[in-house]
Amino acid sequence: MIAYIRGIMTSAEEDGVVLETGGIGFSIHTTGRDRDQLIREGKEEVLLHTHLQVREDERVLFGFLSKTDLRNFRKLISVNGVGPKAALSILNLMTAEELYLAVQSGDAKSIAKANNIGPKLAQRVVLELKDSLETESIPAVFAEDLSVETPGNALMDAVEALEALGYSRTEALRAVRSIEGREQLSTEELLSAALRRL
């Protein structure tokens, strides 16, 4: 297995990049976000963490700037019905943090916005990956916020109010999470502060 490739991007393609190392150019499928970052970095040497997909008639490399994205890609393709292109589409739409929030909060609607992902498949992603997705930046205290969904909880009341206003559960959770001292605020104060961030 090829764990990573370190080299210089020589060209960008619609679905990835060509990374040259040791005189060999590797065609690597990436998210649009990673591709754009590689384009901005230009001729600097970069490292992509890779996954090699082997089929009867082809071998395809998928690469990620983040090890977290690589691990989440592998977890996504382990879900029945999610192929590499669909997994890449989800990771292109959502950061690791956004995907984690969507899965933990049961927000299949946000995941279904990715290309090649319908509502049923998005729901399967939520159910199968609830306890296994990774993120680099969700603090433990917010994981507790997510799990406290009892009636009268100001955090969840604010999230539900934002959903009623048309925001997705992921957008609402992200906005509420960004409020400092949120544990001491009322639902109305949380809602007001969250709306300023949306």
Side-chain angles (χ1 to χ4, degrees), residues 1-104 107 110-117 121-122 124-126 128-143 170-171 173-174 177-178:
M1 177 179 282
I2 303 171
Y4 64 85
I5 297 177
R6 186 191 304 273
I8 295 171
M9 187 191 76
T10 58
S11 66
E13 302 169 350
E14 184 179 343
D15 57 356
V17 298
V18 174
L19 210 63
E20 182 181 340
T21 182
I24 301 172
F26 292 91
S27 178
I28 305 172
H29 293 266
T30 64
T31 64
R33 188 170 39 253
D34 282 355
R35 185 194 63 225
D36 293 346
Q37 184 173 336
L38 290 169
I39 290 170
R40 285 193 299 273
E41 291 176 1
K43 293 289 184 181
E44 295 178 19
E45 188 176 66
V46 296
L47 185 146
L48 287 179
H49 304 280
T50 57
H51 173 84
L52 178 62
Q53 182 81 17
V54 179
R55 295 181 182 154
E56 289 181 15
D57 57 343
E58 66 178 345
R59 285 164 178 73
V60 182
L61 272 173
F62 295 88
F64 305 89
L65 290 169
S66 156
K67 276 188 176 180
T68 299
D69 280 345
L70 171 62
R71 287 190 290 263
N72 285 341
F73 173 81
R74 288 177 172 157
K75 286 172 184 170
L76 283 165
I77 62 175
S78 74
V79 175
N80 187 29
V82 178
K85 287 186 179 178
L88 209 59
S89 178
I90 292 172
L91 293 174
N92 192 48
L93 175 73
M94 311 175 96
T95 64
E97 179 181 79
E98 291 166 342
L99 180 58
Y100 178 89
L101 289 174
V103 168
Q104 293 303 314
D107 184 10
S110 288
I111 297 170
K113 291 178 182 175
N115 293 334
N116 306 313
I117 301 291
L121 188 52
R124 190 179 306 149
V125 167
V126 168
E128 292 190 24
L129 300 185
K130 188 99 171 169
D131 299 319
S132 63
L133 275 182
E134 295 184 23
T135 181
E136 297 168 340
S137 58
I138 297 282
V141 67
F142 191 61
T170 303
E171 291 170 327
L173 282 165
R174 192 182 326 123
R177 185 181 79 76
S178 70

Open item on the list: Determine whether Asn92 and Ser89 satisfy the following criterion, side chain to side chain contact (heavy atoms under 4.5 Å, CB included), listing intermediate values before the conclusion.
Closed with: CA-CA 5 Å; Asn92 192 48; Ser89 178; 5.5 Å; no
Open item on the list: Please give me the minimum heavy-atom distance between Leu47 and His49, naming the atom from each residue.
Closed with: CD2-CE1, 3.4 Å
Task: Exercise: identify the closest heavy-atom pair between Leu93 and Glu98 - done: O-OE1, 4.0 Å
- [ ] Please indicate whether Lys130 has more than 12 foreign heavy atoms, meaning atoms of other residues, nucleotides or ligands, lying under 6.0 Å from its NZ.
- [x] yes
- [ ] Applying side chain to side chain donor-acceptor pair (under 3.5 Å), name anything that partners Ser110, two or more places apart in sequence or on another chain.
- [x] Asp107, Ser168
Task: Closest approach of Phe73 to Pro84 (non-hydrogen atoms, all atoms of both residues) - done: CE1-O, 3.5 Å
TODO: Taking all non-hydrogen atoms of both residues into account, name the closest pair between Gly63 and Ile28 and its distance.
DONE: N-CG2, 3.2 Å
Open item on the list: Enumerate the side chain to side chain donor-acceptor pair (under 3.5 Å) contacts for residues 21-37, please, sequence neighbours excluded, ordered by first and then second residue.
Closed with: Asp15-His29, Gln37-Glu41
Task: Contacts of His51 that satisfy side chain to side chain donor-acceptor pair (under 3.5 Å) - sequence neighbours left out - done: Gln53, Arg74
Open item on the list: Show me the pairs that pass ring-ring contact (aromatic ring centres under 6.0 Å, His included) and involve residues 74-94, at least two apart or across chains.
Closed with: none
Task: Lys75 (side chain) donor-acceptor with Ser132 (main chain) under 3.5 angstrom - done: yes
Task: Nearest non-hydrogen partners of Ala86 and Val82, listed with the distance - done: CB-CG1, 4.1 Å
- [ ] Calculate, to the nearest 0.5 Å, the distance between atoms CZ and CD1 belonging to Arg124 and Ile117 respectively.
- [x] 10.0 Å
Task: salt bridge (Lys or Arg N to Asp or Glu O under 4.0 Å) contacts in which one or both residues fall within residues 49-59, not counting sequence neighbours - done: Arg55-Glu58
TODO: Please tell me if the side chains of Leu65 and Leu48 come closer than 4.5 Å, counting only heavy atoms from C-beta onward.
DONE: yes
- [ ] Evaluate the criterion side chain to side chain contact (heavy atoms under 4.5 Å, CB included) for residue pair Leu99 and Leu76; output intermediate values, then yes/no.
- [x] CA-CA 11 Å; Leu99 180 58; Leu76 283 165; 4.1 Å; yes
Task: Worked check of side chain to side chain contact (heavy atoms under 4.5 Å, CB included) between Leu91 and Phe64 - done: CA-CA 10 Å; Leu91 293 174; Phe64 305 89; 3.9 Å; yes
Task: Reported CD1-to-CG distance for the pair Ile5 and Leu19, which is rounded to 0.5 angstrom - done: 6.5 Å
Open item on the list: For a side chain to side chain contact (heavy atoms under 4.5 Å, CB included) check, start with the C-alpha distance between Leu52 and Val60, then their side-chain angles and the critical distance, and finish with the verdict.
Closed with: CA-CA 6 Å; Leu52 178 62; Val60 182; over 6 Å; no
- [ ] Give the minimum heavy-atom separation between Val79 and Glu128, together with the two atoms involved.
- [x] CA-OE1, 3.6 Å
- [ ] Measure the spacing between NZ of Lys85 and CG of Leu88 and express it to the nearest 0.5 Å.
- [x] 10.0 Å
Task: side-chain contact (heavy atoms from CB on, under 4.5 Å) partners of Glu20, counting only residues at least two apart - done: Thr10
Task: Spatial distance of atom CE (Met9) from atom CD (Glu13) [nearest 0.5 Å] - done: 10.0 Å
